[in-house]
2 protein chains.
Amino acid sequence: MAATTTPCCAPIAREPLSEPDAADLAVMLKAVADPVRLRLLSMIGSHAGGEACVCDLTDAFDLTAPTISHHLKVLRTAGLIDGERRGTWVYYRIVPEAVNRLGALFTPLTEPAPAGPVPASLAVTR
Amino acid sequence: MAATTTPCCAPIAREPLSEPDAADLAVMLKAVADPVRLRLLSMIGSHAGGEACVCDLTDAFDLTAPTISHHLKVLRTAGLIDGERRGTWVYYRIVPEAVNRLGALFTPLTEPAPAGPVPASLAVTR
DNA sequence: TTCCTGATTCGATACCTGTCGAAATTATAG
DNA sequence: CTATAATTTCGACAGGTATCGAATCAGGAA
C-alpha cells in the first residue's frame with residue numbers, strides 16, 4: 001500500500017508549494033509531529049540491522065502496547081515505516097525514500113541571511 | 001524571543017532521539033504539519049526579498065484573516081518565522097536556522113539500507 | 001488441542017486544534 | 001480628532017487525536 005515513491009517538491013523556500021503537494025506533505029509531517037512517533041522512528045532507524053521488533057520499542061516508553069501499536073500504524077500509514085511479521089514478532093524498518101523526501105523539503109537556505117538587499121534570484125518563480 | 005540557536009540532534013536514523021529532544025522537535029514539526037502553514041511558510045520563504053506581507057498571504061487562501069493570523073502565530077511561536085511591523089503592514093520572514101535544523105534531522109540515510117551487520121553500538125539507550 | 005505470549009483492533013474518554021464572527025489594537029489619512 | 005484599513009485577540013464550536021482497558025488475532029510450545 002502506498003508504495004508510490006512520489007518524488008515531489010522543491011525546497012520549501014524555493015517556490016510556493018501547491019495545495020495538493022502541501023496536503024500530501026502535511027500527512028507525512030503530521031505522522032512525525034509527535035514526540036513518541038519521533039522517538040519510535042529514530043529507534044527503528046538507528047537499530048542494528050535497520051529494523052526493530054515491536055517488543056523492543058514498547059519497553060522504552062511508559063505507554064501501553066495498544067498505544068505503541070497505534071503510533072506505529074500512523075507511521076506506517078504515512079509511508080514512513082514498513083512492517084513485517086516473522087514468527088511471533090513483528091519487525092519495522094524505515095522507508096528511506098519517505099524520510100529523504102522530508103529532508104529535501106527542508107533543504108538549507110542561504111544560511112544566516114540577515115536583512116540584505118537580497119537579489120531577486122529567489123523571487124516567486126510562478 | 002527564542003533566538004537560541006539550538007544546535008541539536010543528529011539525523012533521525014543515526015541514534016535514538018532523547019525524550020527532551022523529541023519533545024522539542026515535535027513542537028517545531030507540529031507547526032509545519034498543516035497544509036495551510038506549509039504553504040504559508042513556502043510563500044514567505046520564496047517571496048521576493050525573503051519576506052512577505054500578511055496582506056499578500058491572506059488572499060491566497062479561502063480562509064478568514066483571523067485564521068491566517070492564528071497560523072502565522074503558530075509558526076512564529078515555533079521559531080520558524082519572525083515578524084516585524086513596518087507601518088500599516090506586518091512582514092514575516094523565515095528563520096533559516098530553524099528550517100535547517102529540520103533538514104538536518106531528515107538527512108539522507110544509507111539509501112536502500114538492507115540488513116547489514118551494523119555494530120550493536122547503537123542499541124536502544126533506554 | 002489447549003495454553004501462553006506478542007501484537008493489533010475496538011470502543012470510550014479527555015484533550016487538543018482549526019475555524020469562524022465579533023471586538024480590540026495599531027497606524028495612516030483627512 | 002475622527003475615520004478607515006490591516007492585524008491580532010477573544011470566545012465558542014466542530015472535528016480530530018492520544019490514551020487506556022478489554023477483546024481479538026497470530027504463532028509457538030506443552
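Quick note on labels: first sequence line is chain A, next is B, and so on, each numbered from 1.
Judged purely by atom type and a 3.5 angstrom limit, A:S69 has no side-chain atom pairing as donor or acceptor with the backbone of A:A65.
Backbone-only contact: B:L63 has heavy atoms under 4.0 Å from sugar-phosphate atoms and none from a base.
Here the nucleotide nearest the side chain of B:R85, chosen from D:dT7, C:dT19, D:dT19, is D:dT7. Minimum atom distance to the side chain of B:V54 is reached by D:dT7, of the listed C:dC20, D:dT7, C:dT17. Here the side chain of B:H70 is nearest to one of C:dA7, C:dG18, C:dT17, namely C:dG18. In this structure, the nucleotide among C:dA7, D:dA6, C:dA22 sitting nearest to the side chain of B:W89 is D:dA6.
Between A:H71 and D:dT19 there is a side-chain N or O to OP1 or OP2 distance below 4.0 Å. Within the structure, a side-chain polar atom (N or O) of A:Y92 is placed less than 4.0 Å from OP1 or OP2 of C:dT8. Between B:T64 and C:dC20, a side-chain N or O to OP1/OP2 separation shorter than 4.0 Å is present. Phosphate proximity of C:dA27 to B:T88: absent, as no side-chain N or O sits under 4.0 Å from OP1 or OP2. An OP1 or OP2 oxygen of C:dG18 is reached within less than 4.0 angstrom by a side-chain nitrogen or oxygen of B:R37. Between B:K73 and the phosphate of D:dT9, there is a side-chain N or O to OP1/OP2 separation shorter than 4.0 Å.
Atom OG1 of A:T58 sits about 7.5 Å away from atom CG of A:L72, to the nearest 0.5 Å. To the nearest 0.5 Å, the span separating NE2 on A:H70 from CG on A:L75 amounts to 9.5 Å. Note that the CZ atom of A:R85 and the SG atom of A:C53 stand 10.0 Å from one another [nearest 0.5 Å].
Looking at heavy atoms from C-beta onward, B:H71 lies in side-chain contact with B:T67 at the 4.5 angstrom threshold.
Rounded to an integer number of Å, the gap from A:L38 CG to D:dA18 P is 12 Å. Whole-Å rounding puts the B:F61 CZ to C:dG18 P distance at 13 Å. Put simply, NZ on A:K30 is 9 Å from C1' on C:dT17, counting in whole angstrom units. The distance between atom CG of B:D34 and atom C1' of D:dG15, rounded to the nearest whole Å, is 14 Å. We find that CG of B:L40 is positioned 10 Å from P of C:dT19, with the value rounded to whole Å. Whole-Å rounding puts the B:I68 CD1 to C:dG21 P distance at 13 Å. Following rounding to the nearest Å, A:R86 (CZ) and C:dA7 (C1') show an atom-to-atom distance of 15 Å. Spacing between atom CZ of A:R76 and atom C1' of C:dA7 amounts to 11 Å, rounded to whole angstrom units.
Heavy-atom nearest nucleotides on DNA chain D were determined for A:D62 and for B:T67, and the one closer to the 5' end corresponds to B:T67. Between A:A65 and B:S69, the residue anchored nearer the 5' end of DNA chain D, judged by the nucleotide with its closest heavy atom, is B:S69.
Between the side chains of B:Y92 and B:R76, at least one donor-acceptor pair of N or O atoms lies under 3.5 Å.
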